[in-house]
Amino acid sequence: MQKLYMQCLEEENIEKAIRVVYLHEGAKTAGKDGISKTSNISKERIIKEVKLRLRRYKPVQSRKVQIPKVNGKFREITIINLFDRIAQQAVYQIISPLLEEQMSKHSYVFRKGIGAKILVSKLATTLNKSKDIYTIELDFKKCFDNIPLDKAIGSVKEMGIKNF
């Protein structure tokens, strides 16, 4: 087995993933399997389940929920089960630092310490300095619903993560 994969399976990494996932309010919300952080499950069982999922992943059906938006409309969110959330966090913790090195300084989405507030601040500064700036509003609804796995893995490999 490859080095990065083995790092994902390390108990210390999985325990850290459990702590990170449990810090989020969403961990109180159960997935389709009915399990949440408030369920009475031992840490040992969680680690065992997460290792199983990382060894032979089979997608588990997720739960769809409609949440209200400020404008009165609704937005559908997908709630994945707790074990899958922890498994994803365990992988993220290993590959994120490697991918971060490759990221553009102009990328603001899903990065620690860099987010929408910083982007809006930079945009406001840029707009105040120039008269020839155009803004475009885009809605990426369902943009990531059907990503071919082979292309996603190919992109990750292009960024230097080849031993996974």
Side-chain angles (χ1 to χ4, degrees), residues 1-65 67 75-122 138 140-164:
M1 289 190 201
Q2 293 87 357
K3 182 181 169 190
L4 290 175
Y5 177 67
M6 293 306 292
Q7 289 175 0
C8 292
L9 290 170
E10 289 176 5
E11 282 196 25
E12 184 179 319
N13 182 52
I14 295 172
E15 287 175 2
K16 180 181 176 188
I18 292 168
R19 288 190 301 274
V20 170
V21 168
Y22 275 36
L23 284 174
H24 294 137
E25 278 293 310
K28 287 192 244 178
T29 305
K32 191 93 171 176
D33 59 2
I35 298 172
S36 72
K37 79 174 187 179
T38 59
S39 302
N40 190 20
I41 299 175
S42 70
K43 183 167 70 169
E44 291 75 24
R45 177 168 172 227
I46 293 172
I47 291 170
K48 181 180 176 183
E49 287 287 337
V50 169
K51 282 185 176 185
L52 277 172
R53 287 164 199 266
L54 289 172
R55 285 194 175 106
R56 51 184 163 87
Y57 182 72
K58 290 181 184 175
V60 177
Q61 192 174 21
S62 54
R63 189 163 67 101
K64 307 279 187 193
V65 176
I67 60 170
R75 179 170 65 102
E76 183 175 82
I77 61 168
T78 302
I79 301 172
I80 62 171
N81 70 59
L82 185 68
F83 299 131
D84 284 347
R85 282 184 246 176
I86 295 168
Q88 289 175 6
Q89 179 65 34
V91 172
Y92 172 81
Q93 290 166 179
I94 300 303
I95 67 170
S96 179
L98 302 172
L99 294 175
E100 186 65 32
E101 296 172 7
Q102 305 287 323
M103 299 297 286
S104 164
K105 67 179 183 177
H106 303 294
S107 177
Y108 294 91
V109 180
F110 302 116
R111 294 175 67 195
K112 189 172 186 159
I114 304 172
K117 288 181 182 177
I118 293 172
L119 173 60
V120 169
S121 173
K122 288 192 177 208
L138 300 171
F140 287 103
K141 182 179 181 182
K142 299 191 180 220
C143 177
F144 298 106
D145 283 2
N146 296 300
I147 298 175
L149 185 58
D150 59 329
K151 293 194 185 302
I153 291 172
S155 295
V156 170
K157 286 181 178 180
E158 284 177 20
M159 294 184 82
I161 298 181
K162 299 180 188 323
N163 299 325
F164 196 72

### Task
With side-chain contact (heavy atoms from CB on, under 4.5 Å) as the test, would you mind laying out the steps for N81 and K32 before giving the verdict?
CA-CA 6 Å; N81 70 59; K32 191 93 171 176; over 6 Å; no
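- Listed by chain and residue number, nothing satisfies the side-chain hydrogen bond (donor to acceptor under 3.5 Å, both in side chains) test with K151 (two or more places apart in sequence, or in another chain).
- Minimum heavy-atom separation, S39 to G34: OG-O, 4.0 Å.
- If you take CZ on F83 and NZ on K48, they are separated by 11.0 Å, rounding to the nearest 0.5 Å.
- A heavy-atom distance below 4.5 Å is not found between the side chains of I46 and I14.
- Screening T78, T29, I80 against R63 for a side-chain contact (heavy atoms from CB on, under 4.5 Å) leaves a single residue, T29.
- Here the shortest heavy-atom pairing between K28 and S36 reads O-CB, 3.4 Å.
- Smallest separation of non-hydrogen atoms from Y5 and L54: OH-O, 3.1 Å.
- Using a 4.5 Å heavy-atom threshold, the side chains of E49 and L82 count as separate.
- Atom NZ of K51 is surrounded by more than 12 heavy atoms from other residues, nucleotides or ligands within 6.0 Å.
- Atom CG of L52 sits about 10.0 Å away from atom CG of L9, to the nearest 0.5 Å.
- Checking side-chain atoms of E11 against main-chain N and O of I47 turns up no donor-acceptor pair under 3.5 Å.
- With values rounded to the nearest 0.5 angstrom, E12 atom CD is found 10.0 Å from Q93 atom CD.
- Taking each heavy atom of C8 and A90 in turn, the nearest pair found is O-CB, 4.1 Å.
- Taken to the nearest 0.5 Å, the CD atom of Q89 stands 10.5 Å off from the CD1 atom of I94.
- To the nearest 0.5 Å, atom NZ of residue K43 and atom OH of residue Y22 are 10.5 Å apart.
- For R53, the side-chain hydrogen bond (donor to acceptor under 3.5 Å, both in side chains) partners two or more places apart in sequence, or in a different chain, are D84.
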